[in-house]
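Written out below as structure tokens is the structure these notes cover.
Labels below follow one simple rule: chain letters A, B, ... track the order of the sequence lines, proteins then strands, and each chain is numbered from 1.
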There are 2 protein chains.
Amino acid sequence: MHTLELTKPDGRPMTLYARGPLPQDLRAPSPFPDPLTGGAHLRWHPLRGEWVTYAAHRQDRTFLPPPEYNPLAPTTDPANPTEVPAGPWDIAVFENRFPSLGGFVAEPPELIVPTASAEGRCEVVVFTQDRTASLGALPLDHIELLLQVWGDRTHRIGGEEVIQYVLPFENRGAEVGVTLHHPHGQIYAYPVVPPVPERQQRMMAEHYAKRGRGLLEDHIAAERRDGARMLYEGPHAVAFVPVCARYPYEVWIAPIVPVPGFAQLAPVVRADLAKALKTVLMKYDALWQRPFPYLMAWYQAPTDGKPHPESHLHAQIWPPYRTRDRLKYLAGTELAAGFFAMDALPEDKARELQQVEVKF
Amino acid sequence: MHTLELTKPDGRPMTLYARGPLPQDLRAPSPFPDPLTGGAHLRWHPLRGEWVTYAAHRQDRTFLPPPEYNPLAPTTDPANPTEVPAGPWDIAVFENRFPSLGGFVAEPPELIVPTASAEGRCEVVVFTQDRTASLGALPLDHIELLLQVWGDRTHRIGGEEVIQYVLPFENRGAEVGVTLHHPHGQIYAYPVVPPVPERQQRMMAEHYAKRGRGLLEDHIAAERRDGARMLYEGPHAVAFVPVCARYPYEVWIAPIVPVPGFAQLAPVVRADLAKALKTVLMKYDALWQRPFPYLMAWYQAPTDGKPHPESHLHAQIWPPYRTRDRLKYLAGTELAAGFFAMDALPEDKARELQQVEVKF
């Protein structure tokens, strides 16, 4: 993996990653000449016992590009800079111009609930220079590079004192609110372990304390023995529709042997994990012969300085469709109660995905 | 409040509620002649530590009505029955034909995770006979009747041994997935205290143990002292944009003095709570001069047989719009991390709603 560290004219850091060597004279462009000044802050939600971040400066985006402008395409005209330079890079990572966490960290206001500076980081990960590609369509070694990049980011950002959790994710498709269709994901790095990973870590830690084995490790073993919902079984990685899916086409992807995070992946495991990921994403797109929207989150061990032997790197992918033309809306019971109601059986949805053949 | 208990031809119970007397010869219709046979079951989600319900029979709806058919309008032609009879009722409550919980309770399958029968209830609450009305547009005494109905349902259903939590809610608008626009809500009654109310009860109980006062009670007092986000202040009830809003136009509505649930509301408090609710819903619809979509959930004390002095009946309303023409999508950070990111300040959104004058 080749890397190049750069700084944008507005002060934001950027790293370019490539499979081959990178020329050292590349410059990082920015559509924004001046440093960001407005900052976000956190407010405590007393009833839910969680933090909420307020980044009102995000509404002040004075930058209104024409619809054909793609800020994630390489800059071709220096008078109209995008977010990334031309050059032989494969993956680019830079700080979001309007971060919900981090960036310009302002003093928090005094309010009737506890407040805090919105420490943290929001990074954009450009998966490829090709705006017509998709993550699943990239060559295997490019996807492997991405897993390596996620490891590098987690290692670097997670090493910062304030960062307690690093979450790489991809929102894909207009159905989940994405307006910019150039293949990209994001990394959010939090100053706390956020509620969902916190809950999962707690469940995993309880199981580990009782059994001396990983909860997801045991679950994967059970899914493999059962077999009904498996989508990929390689020597080191698996993908399956979990028996407890909350979304009809939900899929989990994980190394078979627990690994705390991307930074600890052995190369053979990483290669197999890339294959599992590519298999699932290609099945999705082949199912209805059209781009399949989803939210994909990769859960890792917290970077809070405590030991987390219970952790097990894995992806949970949540597509918004129930059937070819029906969306699953999260409404009363899902959002207000946190109790998911499914109209479909995971076994049936797994069968649909199993029947889709993909080759690469 | 006048009530009439009926049973539909397919066995589902129904209750009619009215401000005036109800003729005793009304019959409950059903579009479905035969009893429901397929049942739902629960599966345990080990990583999240929560139950998920699977109601695959919901997909088998053989009943495909023409688009103009409204199952919540009073039956006029006995050959084409709807879900409710003609007659002088104001509010009708009946069991959902395709319930996610309850109904025909089947033996749960044996799987690699714990499973359980999907005990519980899913009720439909028809707010009015007028399909062109909306909850906020109903007369005050009709809204008061609804609060009374919610109390009656909570008392009856919550009294069942298996029911631990009763959640009345309304999903309103196509933006939150509603396809049937006749004004109606739902009541879900759960065999457990579901994750979101469970978390809130825990936060409230911790505060109560420490301070001997309610968490929401103290929060309401602080919101009133601050004043910046208040939308309604009556003698017994308030409505405000909470300082920790997770949705731009989020509003909470509550009695000022803690009351565990609808069934315990004194008539004067109920009347003022109805006024607070009507004020908020009218402001919403007046803001952009069009029906304002939202998810409204009413949180009450669990009906798990334990004392809950920490409880405080209240509504949380979550509209999906960020601005007049932009939806707030829940994506990576909200769903995968449980960490909400807001682009707007609650103070600014409160000001927008404060400036909308409503009269009734």
Select, from B:Trp51, B:Trp318, B:Phe169, B:Tyr190, the one with the greatest count of heavy-atom pairs under 4.5 Å involving chain A. B:Tyr190
Could you go through A:Leu345 and B:His41, starting from their C-alpha distance and side-chain angles, then the distance that decides it, and tell me whether this counts as side-chain contact (heavy atoms from CB on, under 4.5 Å)? CA-CA 10 Å; A:Leu345 293 181; B:His41 67 270; 3.9 Å; yes
Pick whichever of A:Leu111, A:Asp226, A:Thr333 has the most heavy-atom pairs under 4.5 Å with chain B. A:Thr333
So, for A:Ala336 and B:Leu167, which heavy atoms are closest and what is the spacing to 0.1 Å? CB-CD2, 4.1 Å
Hey, does B:Arg229 have a side-chain heavy atom less than 4.5 Å from the side chain of A:Ile112? yes
Any side-chain heavy atom of A:Tyr329 within less than 4.5 Å of one from B:Leu295? no
Chain A contact via B:Leu47 - which portion, at a heavy-atom distance below 4.5 Å: both
Using a cut-off of under 4.5 Å on heavy-atom pairs, state which of A:Val176, A:Thr115, A:Val192 scores highest against chain B. A:Val176
Heavy-atom closest contact (A:His219 atom, B:Pro46 atom, distance): ND1-CG, 3.8 Å
Hey, which of B:Glu50, B:Arg246, B:Glu175 has the most heavy atom pairs under 4.5 Å with chain A? B:Arg246
Mind ranking A:Ala337, A:Ala341, A:Ala331 by heavy-atom pairs under 4.5 Å with chain B and telling me who comes out on top? A:Ala337
Contacting moiety of B:Tyr299, where chain A heavy atoms sit under 4.5 Å: side chain
Which bit of B:Trp44 comes within less than 4.5 Å of chain A, counting heavy atoms only: side chain, backbone, both or neither? both
In terms of heavy-atom pairs under 4.5 Å with chain A, which of B:Gln186, B:Lys328, B:Glu347 leads? B:Glu347
Of the backbone (N, CA, C, O) and the side chain (C-beta and beyond), which part of B:Trp252 lies under 4.5 Å from a heavy atom of chain A, both, or neither? side chain
Would you name the heavy atoms of B:Leu335 and A:Val196 that are closest together and state the gap between them? O-CG2, 3.8 Å
salt_bridge(B:Arg48, A:Glu250) N-O dist < 4.0 Å: no
B:Arg43 versus A:Pro346: any side-chain heavy-atom pair under 4.5 Å? yes
Determine whether A:Thr53 and B:Phe339 make a side-chain contact, defined as any pair of heavy atoms from C-beta on separated by less than 4.5 Å. yes
Against chain B, work out which of A:Glu223, A:Glu198, A:Gln316 has the most heavy-atom pairs shorter than 4.5 Å and name it. A:Glu223
Most heavy-atom pairs under 4.5 angstrom with chain A, which of B:Ala297, B:Ala245, B:Ala118? B:Ala245
Examine whether an atom of B:Leu101 lies under 4.5 Å from a heavy atom of chain A, and if so say whether it belongs to the side chain, the backbone or both; otherwise answer neither. side chain
Calculate, to the nearest 0.5 Å, the distance between atoms SG and OH belonging to B:Cys244 and A:Tyr54 respectively. 5.5 Å
In terms of heavy-atom proximity below 4.5 Å to chain A, should B:His312 be classed as side chain, backbone, both, or neither? neither
